[in-house]
Structures are given as structure tokens and as C-alpha cells.
Student: 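Have a look at this one before I ask anything.
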Amino acid sequence: MTVRVRFAPSPTGYLHIGGARTALYNYLYAKATGGTFVLRIEDTDLERSKAEYEALQIDDLKWMGIIHDEGPDRPNPKYGPYRQSERLDIYMKYAQELIEKGMAFYDFCTDEELEAMRAKAEADNLDPHYSGKWREPQHWEEAKARVAAGEKTAIRFKVPKKSYELNDKVKGKVVYPDNMVGDFVIMRSNGLPTYNYCCVIDDWLMDITHVIRGEDHLNNTVRQLMIYEALNAKIPEFAHVSLLIGHDRQKLSKRHGATSVNLYRNEHYLPEAMCNYLCLLGWSHPEERDIFAKEDIVNLFSLERFSASSAMYDLEKLKWVNSEHIKKMDNASLITLVEKEPETEFFRKQTPEWKNACVELLKRYAQFVPDFPKLVNELILNDDPEMTDPLKEILSWETTPKILSFISEEVNKFSSEFVTETELNGWMDHVKKEMGVKGKPLFQGVRAALTGHDHGPDLKFLIPLTPINVLKNRIAHLNK
RNA sequence: GCUCCCAUCGUCUAGCCCGGUCUAGGACAUCGCCUUUUCACGGCGGUAACAGGGGUUCGAAUCCCCUUGGGAGUACCA
């Protein structure tokens with residue numbers, strides 16, 4: 001039996017971090033087992049669903065490298081269509097069958113009646129379940145007549161009075177008591193199916209073998225189990241992955257800040273880093289590695305290593321993962337990415353050797369790709385140093401003005417575009433031997449004179465990357 | 001309210017299923033030290049956890065029960 005998994009988002013907004021994680025797990029499981037990853041669009045909520053969000057979500061998924069094998073844009077004739085809004089006749093057909101079998105019934109109760117029912121049950125200390133007359137077979141002929149006459153109505157599933165059991169891959173054995181749910185609506189009076197119903201129809205018809213989804217669906221599963229049973233359909237394996245929570249330990253939502261993948265994408269986080277971090281939130285690498293690419297784990301991804309408890313989404317660690325991926329990346333790819341950033345004209349004009357040395361040096365200091373242009377600007381191009389207190393202090397030492405004037409002379413002699421490391425060493429030697437400056441005053445003094453900073457990367461790497469004109473202007477500013 | 005799920009450092013987790021090797025390991029963050037100045041680098045090290053209570057057992061982070069805490073679901077949302 002080949003594995004078929006699915007990710008089934010609702011196009012009601014941008015792709016959420018939690019959704020992306022679920023999608024990733026499904027994708028990984030498909031890849032690990034040589035199975036098929038299906039994308040299905042659950043757009044039965046007319047009010048909230050918008051067509052444009054479907055494209056947006058697919059695009060974000062694609063950005064993360066989570067590519068589906070089947071979906072609206074890659075249909076398999078055996079299983080489509082992949083949008084629930086295009087499968088309405090299918091849902092109605094099976095709902096009719098359930099009615100014929102006496103497992104579902106038309107319900108004409110109004111909202112008010114339903115509300116009264118609930119209130120009464122509550123007052124009588126009973127479960128707040130449906131208790132309308134329409135569940136009784138003696139009213140079904142009347143019901144059919146009213147429907148035949150064109151009356152719009154909901155269809156409810158007649159819930160069997162029995163308990164259900166699920167062997168969840170993450171949660172283990174879950175027992176649902178027999179009074180957990182009442183007769184629930186499967187088809188709304190507007191002709192659209194409800195989630196717990198169409199989800200089962202689709203998973204069944206699409207031959208889904210493993211349902212990997214969020215824990216928020218764990219309670220729903222009992223309804224779905226009932227439908228599978230009524231349909232006499234094979235029940236897939238379920239894996240209910242724990243939820244992502246925010247710093248207040250509440251389910252992650254908009255009020256926790258950046259929760260859509262798109263935001264991270266716009267800030268140029270690396271997609272590999274997003275996948276890496278999200279994967280680790282609730283799943284652990286068998287060798288406890290924490291930095292890896294999707295390709296590294298497709299052979300060892302399994303449903304066995306999920307954590308049963310919810311995981312707090314932590315931006316700090318994500319940032320760290322991102323910086324690790326930057327360090328791991330080869331220079332050529334990094335250069336390509338940097339050059340796509342705005343305000344990198346200077347960078348782009350440099351020689352391949354310069355670029356290589358530049359990213360090699362800076363990747364130790366950058367957490368994000370956009371940090372590169374920032375660092376180039378701060379460390380290499382800025383010729384008007386900010387007079388910070390530490391800098392003023394260094395400038396006030398008695399040796400510093402001497403160093404500054406020596407360096408100034410040397411730099412002004414230059415006509416080539418860059419100073420070499422050897423030349424820099426020569427200056428250091430001169431200051432040391434001829435001027436008798438050593439230790440802290442030497443290093444700090446030269447650093448201040450050349451960079452206008454009291455700290456930063458190793459001078460022997462930084463200075464050869466700095467254009468001579470910048471050095472000249474910087475020193476001129478410092479001399480004032 | 002009712003039902004279901006969860007419970008190891010501040011955070012993510014390993015270990016739990018198949019009790020002893022756990023004076024509980026790793027990572028992020030944090031702190032300290034080191035590196036011929038500095039660090040937004042690197043190295044080394046520190047602080048820090050089995051929620052509480054009962055069992056079972058020679059022995060429990062690991063198995064059982066209760067309590068507490070947290071989460072989710074209880075819609076003609078998904």
C-alpha cells in the first residue's frame with residue numbers, strides 16, 4: 001500500500017506558521033515513504049474563503065520547498081477535483097445515501113428551536129445534544145415531502161449511541177465516550193457540507209492513508225470515525241500533532257505577532273531555515289541534530305518521533321537557525337542572494353575575489369541575508385564615523401593622534417583602490433617599531449584610525465575590503 | 001459546565017513504550033572565562049528541569065491512581 005497524505009488548508013488568509021509545519025510533516029512523510037503528497041483546498045466556508053488566498057498559500061508553500069504531487073493545479077483524474085467547492089455534488093450524493101440507509105436525516109429545526117433545545121438540556125443537566133423530532137423515522141416521510149416541495153434544509157448525521165476508539169500515532173489510544181457528540185449537521189441548508197463530513201468523504205475518495213494534522217482536530221475525529229463507519233470506508237492512520245503556542249502558552253494566533261509565513265519570507269529568512277526550525281517544533285531528529293536540510297532527513301523522518309505536548313514558538317531560536325544556515329551556505333549561493341538585495345550596487349561592482357572574501361568575513365556576523373548590505377554599509381562604506389564614547393576615549397589617548405597622522409599620510413600616498421594585508425601589516429610594524437606603541441594602544445589606535453569603530457572584525461580581513469577613498473574620507477572626518 | 005489531550009532546565013527537546021547504565025544528556029537564550037586590542041566571530045565552562053501526592057517494585061523521570069496546572073473541543077467555522 002503506498003502512502004497518500006494530504007494538506008488541506010482553507011483559503012481564508014495567508015499560510016500560517018502552524019499550517020506550514022503541518023504541511024511540512026505531511027510532505028516529509030510522503031518523501032520518506034515514497035508516497036504522494038496531495039493538496040486539497042477546503043473552501044466550504046463561503047464567507048471567509050477567497051480565491052486569491054489559495055494562490056498565495058500555494059506560493060508560500062512552494063517558497064518553503066513543500067511541493068505537492070497532486071492538487072488543483074496538478075490533478076490526477078482518478079481523484080479530482082481538489083477544491084471542495086467543486087465537489088458539492090459528491091457530498092450530496094453520499095448524504096442522500098446516508099439518508100436512504102437511515103443514518104442521516106433532514107432537519108427543519110430553526111435556530112431558535114435549536115437554541116431552546118440546548119437551553120433545556122442544560123437546565124435538565126443533560127448533554128446539550130440535538131433532540132429534535134426529525135431524528136425519529138416516523139417523521140421522515142413528511143421530511144422527504146417537504147424537501148421534494150423545494151424546501152431548503154440541513155442534513156444531520158444520526159449519531160450511534162456507542163463509544164469510539166482511536167489509535168493515534170502521536171497520542172496513543174484515545175477513547176471517545178458515547179455521549180461526546182450529538183447528531184451533527186453534515187450538509188448545511190445552503191447546500192454546502194460541513195468540515196467533519198466532507199473531510200471524510202474526500203480522504204476516503206482520495207485514498208488518503210495517513211492523516212497528519214493539528215491536535216485541535218483530535219476531538220473532531222470521533223465524528224469522522226462515525227462517518228467512516230457509516231460509509232463502510234477504510235479508516236486511515238491518524239497522527240495528531242501538538243499545537244504551536246505563543247509566549248502566553250495560548251494557541252498561536254495573529255496577536256502573537258508574525259504568524260504568517262509570508263512575513264518571514266518578506267524579511268528574507270531562508271526557507272531552509274524555516275523548514276528546519278518548524279520541523280523541530282514537536283519532532284526530534286533521531287541523532288538529536290538541530291541543523292539540517294529537508295533532504296538530510298527524508299530518509300529518517302518518521303511518525304514515531306513526535307512530541308505529544310505543545311511547543312512554544314520562539315523567534316530567538318528561529319533566528320539562530322537562520323544564522324546557522326547562512327554560515328553553512330556556500331559563498332557562491334550567498335553572493336547570489338546578497339546581490340538580489342536592494343542597495344547593493346557597490347557590492348555588485350566588486351571583483352569575484354572581493355565578493356568572496358566579503359561574504360566569507362561577514363557571514364560570521366550576519367543572521368539574515370539583508371544583514372550583508374547593512375554590514376557592508378556600516379563596516380566598509382561608512383566614511384563618517386559616529387563619535388561614540390568609546391571612540392572618543394581612544395582618540396584621546398596620547399598615542400592615537402600620532403598613529404592617525406601616520407596612517408593619514410600613508411593612505412594619502414595610495415593610488416591603488418585597495419590596501420593589501422601586507423601593506424596593512426607594514427603600517428602596524430611601523431607604529432610598533434618606529435613609534436614604540438604596542439598592545440592595546442596599538443591595536444585600538446589603528447582600528448580607530450582606519451575604521452572609526454572601537455570594535456569589529458579582524459582588521460587584516462576588513463581593511464583590504466575597504467576602498468581607499470573611503471579610508472581617506474574617514475580619516476579626514478576623524479582628523480576634524 | 002461537560003469531554004478529550006498534555007505535563008523533563010526560562011524555551012525547544014533526549015530519555016519514558018521494553019523500570020536500574022540518569023549524581024537526567026543536547027540545543028537556544030543567559031552568565032563567566034580564554035583567545036597578541038575589540039567583537040555582532042571562535043573556544044571553554046557555569047547557572048538551570050523530571051508539577052505535587054499516593055501506590056507497584058529491591059529499585060521509577062520511566063508503570064498505575066489522584067490532585068493541580070495548561071491546552072483543545074463542545075457551531076448549519078475549518
Side-chain angles (χ1 to χ4, degrees), chain A residues 8-10 12 42-49 84 107 109 111 114 118 122 125-129 152-156 166 168 170-172 174-177 179-182 184-196 198-199 214-223 240 242-243 245 247 249-251 277 280-291 304-305 307-314 316-321 323-324 327 361-367 371 375 378-379 390 394 438-448 451 453-459 461:
Chain A
S10 295
T12 55
E42 307 218 327
D43 55 351
T44 56
D45 183 343
L46 258 23
E47 266 137 54
R48 295 194 300 151
S49 297
Q84 292 187 327
D107 175 36
C109 290
D111 288 348
L114 259 15
R118 248 193 303 275
E122 213 164 299
N125 230 330
L126 296 169
D127 296 312
H129 296 161
K152 294 265 182 276
T153 180
I155 299 173
R156 274 179 197 272
L166 171 70
D168 191 83
V170 180
K171 303 290 181 184
V174 179
V175 178
Y176 303 98
N179 62 340
M180 205 161 164
V181 295
F184 56 94
V185 170
I186 57 173
M187 292 296 290
R188 294 179 266 183
S189 50
N190 64 2
L192 288 163
T194 58
Y195 169 74
N196 286 298
C198 56
C199 174
E215 188 189 346
D216 46 346
H217 292 290
L218 188 60
N219 288 304
N220 285 325
T221 309
V222 67
R223 294 187 180 78
H240 285 97
S242 60
L243 260 22
I245 56 180
H247 278 102
R249 307 215 70 97
Q250 306 275 93
K251 183 173 166 179
Y277 176 65
L280 246 21
L281 242 30
W283 183 83
S284 62
H285 191 284
E287 289 152 28
E288 278 217 75
R289 296 222 356 236
D290 38 30
I291 299 296
E304 316 301 319
R305 298 195 63 82
S307 159
S309 51
S310 40
M312 195 180 284
Y313 182 71
D314 177 26
E316 286 305 311
K317 190 141 183 182
L318 202 212
K319 287 179 182 173
W320 174 76
V321 171
S323 71
E324 287 300 306
K327 291 187 180 76
L361 176 66
L362 263 24
K363 71 179 171 188
R364 295 204 281 269
Y365 301 93
Q367 271 193 314
D371 285 345
L375 287 164
E378 259 174 57
L379 265 20
I394 296 166
K438 59 181 180 178
K440 192 168 174 170
L442 165 67
F443 281 93
Q444 286 278 55
V446 173
R447 173 179 292 283
T451 69
H453 285 286
D454 61 308
H455 63 80
D458 210 333
L459 291 180
F461 297 127

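Computation of the quantities below employed the complete heavy-atom set of this structure, encompassing side-chain atoms and omitting hydrogens, waters and symmetry-equivalent molecules. Quick note on labels: first sequence line is chain A, next is B, and so on, each numbered from 1.
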Student: Kindly give the heavy-atom pair with the smallest separation between A:Tyr195 and A:Asn220, and that separation in Å.
Tutor: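 Distance-wise, the nearest heavy atoms are CE2-ND2, 4.1 Å.
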
Student: Does any nucleotide pair with B:rC22 by Watson-Crick or G-U wobble geometry, both distances under 3.5 Å, and what is it?
Tutor: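 Paired with B:rC22, as far as the under-3.5 Å criterion goes, is no nucleotide at all.
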
Student: How would you label the contact of A:Arg364 with the nucleic acid (heavy atoms, under 4.0 Å): base, sugar-phosphate, or nothing?
Tutor: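 A:Arg364: backbone/sugar contact only, no base atoms under 4.0 Å.
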
Student: Scan A:Ala311 against the nucleic acid and name what it touches under 4.0 Å (heavy atoms): base, sugar-phosphate only, or nothing.
Tutor: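 Result for A:Ala311 = sugar-phosphate.
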
Student: Base, sugar-phosphate, or nothing for A:Leu375, non-hydrogen atoms under 4.0 angstrom?
Tutor: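 Result for A:Leu375 = base.
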
Student: Where is the tightest heavy-atom contact between A:Ser49 and A:Asp43, given as atom of each residue plus distance?
Tutor: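 A:Ser49 and A:Asp43 have their closest heavy atoms at OG-CA, 3.5 Å.
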
Student: Check whether any side-chain N or O of A:Ser10 sits under 3.5 Å from a backbone N or O of A:Glu42 as a donor-acceptor pair, and report yes or no.
Tutor: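 Yes, A:Ser10 side chain to A:Glu42 backbone: donor-acceptor pair under 3.5 Å.
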
Student: Mark yes or no for whether A:Tyr277, through its side chain, and A:Lys319, through its backbone, hold a donor-acceptor pair below 3.5 Å.
Tutor: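 The answer is no, because no donor-acceptor pair under 3.5 Å joins these two groups.
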
Student: Once you apply the 3.5 Å cut-off to both distances, tell me the Watson-Crick or G-U wobble partner of B:rC16, or none.
Tutor: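 The answer is none; no pair meets the criterion.
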
Student: Answer with base, sugar-phosphate or nothing: what part of the nucleic acid does A:Arg156 contact at a heavy-atom distance below 4.0 Å?
Tutor: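 The residue A:Arg156 makes sugar-phosphate contact but no base contact.
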
Student: Which part of the nucleic acid, if any, lies within reach of A:Ser189 when heavy atoms closer than 4.0 Å are counted: base, sugar-phosphate only, or nothing?
Tutor: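 Base contact - A:Ser189 has a heavy atom under 4.0 Å of at least one base atom.
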
Student: Between which nucleotides of RNA chain B, 5' to 3', does chain A make heavy-atom contacts below 4.0 Å?
Tutor: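 Here the contact window of chain A covers B:rU3 to B:rA78.
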
Student: Assign each of A:Arg223 and A:Phe443 to its nearest nucleotide of RNA chain B by heavy atoms, then name whichever residue's nucleotide is nearer the 5' end.
Tutor: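 It is A:Phe443, whose closest nucleotide lies nearer the 5' terminus.
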
Student: Which residues pass the salt bridge (charged side-chain N to carboxylate O under 4.0 Å, His left out) test with A:Asp371, not counting sequence neighbours?
Tutor: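 Applying salt bridge (charged side-chain N to carboxylate O under 4.0 Å, His left out) to A:Asp371 gives A:Lys374.
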
Student: Taking any strand in view, what nucleotide pairs with B:rU38 in a Watson-Crick or G-U wobble way, both distances under 3.5 Å?
Tutor: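 Partner of B:rU38: none found under 3.5 Å.
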
Student: Reckon A:Cys109 touches a base, only the sugar-phosphate, or nothing at all at heavy-atom distances under 4.0 Å?
Tutor: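 Result for A:Cys109 = base.
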
Student: Looking across every strand, which nucleic acid part, if any, lies under 4.0 Å from A:Lys440 by heavy atom: base, sugar-phosphate, or nothing?
Tutor: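 A:Lys440: backbone/sugar contact only, no base atoms under 4.0 Å.
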
Student: Specify whether A:His285 and A:Trp283 have parallel, tilted or perpendicular ring planes, treating 30° as the upper limit for parallel and 60° as the lower limit for perpendicular.
Tutor: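 It falls in the perpendicular class, over 60°.
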
Student: Identify whether any heavy atom of A:Asn220 sits under 4.0 Å from a base atom; if not, whether one sits that close to sugar-phosphate; answer base, sugar-phosphate or nothing.
Tutor: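 Here A:Asn220 touches the bases of the nucleic acid.
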
Student: Report which part of the nucleic acid A:Lys327 touches: base, sugar-phosphate, or nothing (heavy-atom distance under 4.0 Å, all strands).
Tutor: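 Here A:Lys327 touches the backbone only, sparing every base.
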
Student: Hey, which of these two, A:Leu243 or A:Gly282, hits RNA chain B nearer its 5' end, going by closest nucleotide?
Tutor: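 The residue whose closest nucleotide sits nearer the 5' end is A:Gly282.
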
Student: Tell me the partner of B:rG45, counting only Watson-Crick (N1-N3 plus N6-O4 or O6-N4) or G-U wobble (N1-O2 and O6-N3) with both under 3.5 Å; none if nothing fits.
Tutor: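 B:rC31 is the nucleotide pairing with B:rG45.
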
Student: Which part of the nucleic acid does A:Thr44 contact within heavy-atom distance under 4.0 Å: base, sugar-phosphate only, or nothing?
Tutor: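 If one applies the 4.0 Å heavy-atom cut-off, A:Thr44 turns out to touch the sugar-phosphate alone, with no base involved.
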
Student: Can you list the residues that meet the salt bridge (charged side-chain N to carboxylate O under 4.0 Å, His left out) rule with A:Asp45, with sequence neighbours excluded?
Tutor: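 Salt bridge (charged side-chain N to carboxylate O under 4.0 Å, His left out) check on A:Asp45 returns A:Arg48.
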
Student: Counting only Watson-Crick or G-U wobble pairs whose two distances fall under 3.5 Å, which nucleotide matches B:rU56?
Tutor: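 Base-paired to nothing in any strand shown.
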
Student: For B:rA7, which nucleotide in any strand shown is its Watson-Crick or wobble partner with both distances under 3.5 Å?
Tutor: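 When the pairing criteria are applied, B:rU68 turns out to be the nucleotide that pairs with B:rA7.
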
Student: Could you give the distance from CE (A:Met187) to CZ (A:Arg156), rounded to the nearest 0.5 Å?
Tutor: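 The CE atom of A:Met187 sits 14.0 Å away from the CZ atom of A:Arg156.
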
Student: Check every strand shown and say whether A:Arg305 touches a base, only sugar-phosphate, or nothing at a heavy-atom separation below 4.0 Å.
Tutor: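 If one applies the 4.0 Å heavy-atom cut-off, A:Arg305 turns out to touch the sugar-phosphate alone, with no base involved.
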
